[in-house]
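This report refers to the structure that appears directly beneath it.
Because the structure is predicted, anything quoted here is derived from the model rather than measured. Chain letters run A, B, ... following the sequence lines, proteins first and then strands; every chain starts at 1. Heavy-atom basis, side chains included; hydrogens, waters and symmetry copies ignored.
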Number of protein chains: 2
Amino acid sequence: MKPITRKEEIIRTAAKLFKDKGYSAVTMRDLATSMGIKASSLYNHINSKQDILKAIIISLAEEFTAGMKLIQSSNDSCMSKLKAIIELHVRISSENIYGMASLNNDWMHLEDQLEYYLKLRQGYEDDFLKIIENGKSNAEIKAANPEIIMFSMLTTLRSLYLWIPKKEDLNAKDLAINLSEVLIHGINK
Amino acid sequence: MKPITRKEEIIRTAAKLFKDKGYSAVTMRDLATSMGIKASSLYNHINSKQDILKAIIISLAEEFTAGMKLIQSSNDSCMSKLKAIIELHVRISSENIYGMASLNNDWMHLEDQLEYYLKLRQGYEDDFLKIIENGKSNAEIKAANPEIIMFSMLTTLRSLYLWIPKKEDLNAKDLAINLSEVLIHGINK
DNA sequence: GTCTATAACACGATAGAC
DNA sequence: GTCTATCGTGTTATAGAC
């Protein structure tokens, strides 16, 4: 199978540390200590601290964009698309708890790739909003402000990485179902 | 009236910078430059960088706790209490856009006061959850997982500081009304 | 692949002049 | 209240031995 390279191991360990303290507060010495080696040894596997951040964030951002493009191009109803978006977030977040923290909180520390990241994120939000606006036109969705709907859904989905580890008894499928119910149908009886 | 002291001016400026780059990535030199003075001059008004963070976060955390205690002690229905919580977040977030960023993202960099902050936050979440569980018992709220309901509402409310500045046309009252509709009644028609 | 040693610089904070 | 100068330490990253 695919062997875990030392580089991948460093990136995973870094993601864990970034989740707790943020990119800026984690030093290469912290990372090296977590790996059980000296800081200078890290540079045989990675080029810079910045490269680690890039590897964590860009791959995740591209995964979300690819998922959204797939959902967008389907012929499903608006409601089905929204449920698919929820499943997309639950799935990627479950598989990348640590990386999601960097994606949410440390993207501003990207240097070369900041512009590219912002383009991906803006595109994602544009696509999300279009789905909601279509649902409003179709009368699938109520006449509330589409931006408030997207804001509410997206911030909940973006914070999943914080809550999934606390609720390990809830599997991805059940979480997605429960979340769809709450986000789409509300909470009142 | 209350004059804005130099110390308060420094804390406000710091909060703005912390929102963009996070506590760890903002240097005292950055802060001084933003104030139009030298870094050493800051220390005539504040004791340390840490004291600035403390001033921003603890006052906000205590404001939320006080608001929650007031809501909790009322005799209103669960739904009314939830609407009051939404109004609480919209109000405090509108008045402290920059500080809310630190409250959400930089609390882990508190030193002496970290434990106290965590106690306040845990208490807030416990009170929030109790209101939802009572609503479920009263059949005001549907039989969904109360923790998922709280998670969804709270993450949306905690992210308000990011969205309020983008929607300056929407006043606090309208935002709270729209948000209540979406969070409580859902989005489907 | 890891080490020791170190370069080159940035950090928070202080001392003391004005 | 702000300045210049500086201390002591921490930072990313490199050089070269093993």
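Rounded to whole angstrom, the span from the CE atom of B:Met28 across to the C1' atom of D:dT9 amounts to 16 Å. Summarising the geometry, the separation between CG on B:Leu31 and C1' on C:dC11 is reported as 14 Å, rounded to the nearest angstrom. Rounded to whole Å, the distance from CE on A:Met35 to P on C:dG1 is 11 Å. Atom CD1 in B:Ile37 sits about 10 Å away from atom P in D:dG1, given to the nearest Å. As a whole-Å value, the separation of B:Lys7 NZ from D:dG1 C1' is 16 Å. If you take CD1 of A:Ile10 and P of D:dA13, they are 13 Å apart, rounded to a whole angstrom. Going from atom NE2 of A:His45 over to atom C1' of C:dG1 covers 6 Å, rounded to whole Å. The distance between atom CG of B:Leu53 and atom C1' of C:dG12, rounded to the nearest whole Å, is 15 Å.
For a distance-only test at 3.5 Å, the side chain of A:Arg6 fails to qualify as a donor-acceptor partner of the base of C:dG1. Interface remark: the A:Ser40 side chain does form a donor-acceptor pair with the C:dT4 base, using a distance-only criterion of under 3.5 Å.
Taking only side-chain nitrogens and oxygens, A:Tyr43 comes nearer than 4.0 Å to OP1 or OP2 of D:dA13. At C:dC3, none of the side-chain N or O atoms of A:Lys38 fall inside 4.0 Å of OP1 or OP2 (strictly under the cut-off). Put simply, A:Ser41 has a side-chain N or O that comes within less than 4.0 Å of OP1 or OP2 on C:dC3.
Look at B:Glu8 and B:Arg12 and you find no salt bridge, because none of the NZ, NE, NH1 or NH2 atoms lies under 4.0 Å from a carboxylate O. Classification of B:Asp76 and B:Lys83 as a salt-bridged pair fails, no side-chain N sitting under 4.0 Å from a carboxylate O.
Distance alone, capped at 3.5 Å, places no donor-acceptor pair between the B:Lys81 side chain and the B:Gly135 backbone.
The two residues B:Ile57 and B:Ser102 come nearest to each other via the heavy atoms CD1-O, 3.6 Å.
The structure places CG of A:Leu154 at 9.5 Å from CZ of A:Arg121, a figure rounded to the nearest 0.5 Å.
Residues A:Asn47 and A:Asp30 each lie close to DNA chain D; by heavy-atom proximity, the contact nearer the 5' end of the strand is made by A:Asp30.
In this structure, the nucleotide among D:dG1, D:dT12, C:dC11 sitting nearest to the side chain of A:Thr27 is D:dT12.
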